[in-house]
Amino acid sequence: MADHIAILGLGTMGAGMASNLLKGGFSLAVYNRTAAKAHALVSAGARLASTPAEAAKGASIVIGMLADDAASREVWTGKYGALEGSSHGAILIESSTVSPAWIAELAGLAAKRGAELLDAPVTGSRMQAEAGQLTFLVGGSEKALEAATPVLQSMSKQIVLLGPVGSGAKMKLINNFLCGVQVASLAEGLTWIERSGLNREQALSVLKSGAPGSPLFSAISERMVNHDYAVNFLLRLMTKDLAYAHAEATNCDVDLKTAEVARGLFQSAIEKGFAEEDMAAVIEPLRAK
Ligand code: NAP
């Protein structure tokens, strides 16, 4: 298989992933709605396409790394969308965190073009994307994954095949449901600590080394303490993930009440102007109360 690759979406995650594809020696076409974000990648050897269709043309593997269902739909199926340019036999990889319902629809549209879809959302954030240390949660056929593995390996430390197409999207929403609820409860817990008269550093140290501690707890509590909201994961994207998780769990007759409460906290942070900050900023409206 030829090694022409295309990546659609050069945001926080897509930019790091594209840079590792170039380091992996792949011939890379890039597309981003805001073309200016592609400059550094073009200097490093990527070819800038002016439409998703142009990026996908001649590529054996096309990867999407976009904000949400609406962005993914626009880039794959909109005017001059990537499906229009995709070759028969191409493997299309949707790495955005999107709903399983949209993945099912996109898989059908890909099949109509003679292409095959893998859903492969990722865990890891900006730093792991830049370092090529993501984990891909994959749904789809073993054969397509085998063909895509060298490409995915250049961006990751782990690739997990979870089942048929849609399985990666489901796994990712469960993962982010648990992360979102933990970040929201940490925001409440830390606000409580700050008003309790306890020594904040000592209290956090007890929690980090005890049962509630986790890599997420450590990273996010540090950002909250330092009021450091430089974007690793946009607050509005976590709000989106909690909404998708809630809808998806409902399909399995599970009512994610904690997701709804957490989403309420993220939503009020959006209303207070924190949508474009890191998700750790969810604590700020609580502190201000
Ligand atoms: P981001 O920085 O906001 O980038 C979003 C990308 O989507 C940008 O390329 C943006 O283009 C594009 N986009 C948004 N709306 C669009 C539209 N209507 N039409 C065309 N393009 C559109 O997000 P990110 O952090 O890279 O995340 C990308 C995906 O990975 C999301 O689904 C997110 O939930 C998931 N994810 C993120 C992280 C993380 O830690 N950041 C970790 C795991 C998974 P412009 O540049 O023109 O705005």
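As the structure is a prediction and not an experimental result, all values here were calculated from the model. Worth knowing before you read on, the calculation uses all heavy atoms, side chains too, and leaves out hydrogens, waters and symmetry mates. All ligand and atom numbering here is 1-based and tracks the order in the structure.
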Test your reading of the structure: does [X] have an N or O sitting under 3.5 Å from an N or O of ligand 1?
X   : answer
M13 : yes
T34 : yes
S95 : no
L10 : yes
A67 : yes

Ion pair check, [X] and [Y], cut-off under 4.0 Å:
X    : Y    : value
R73  : E105 : yes
K143 : E146 : no
E284 : R287 : yes
R200 : E194 : yes

For [atom], find the nearest protein heavy atom and state the residue, atom name and distance (0.1 Å precision).
atom                    : result
atom 46 (O) of ligand 1 : K37 NZ, 2.6 Å
atom 4 (O) of ligand 1  : G11 CA, 3.4 Å
atom 11 (O) of ligand 1 : N32 OD1, 3.7 Å
atom 18 (N) of ligand 1 : R33 NH1, 3.4 Å
atom 3 (O) of ligand 1  : L234 CD1, 3.2 Å
atom 31 (C) of ligand 1 : L66 O, 3.2 Å
atom 35 (C) of ligand 1 : T97 OG1, 3.4 Å
atom 30 (O) of ligand 1 : M65 CE, 3.2 Å

Assigning hydrophobic clusters by single linkage (Ile, Leu, Val, Met, Phe, Trp, Tyr; side-chain heavy-atom cutoff under 4.5 Å), is L137 placed with I103? no
Element-labelled atoms of ligand 1 that are located less than 4.0 Å from some non-hydrogen atom of [X]:
X    : answer
K240 : 31 (C), 32 (O), 33 (C), 34 (O)
F233 : 34 (O), 37 (C), 38 (C), 39 (C), 40 (O), 41 (N)
S125 : 39 (C), 40 (O)
V75  : 20 (C), 21 (N)

Specify the closest pair of heavy atoms between A59 and A55, including all atoms of both residues, with the distance to one decimal. CB-O, 4.2 Å
Looking at every non-hydrogen atom in both residues, tell me the closest pair between L10 and A18 and how far apart they are. CD2-CB, 4.0 Å
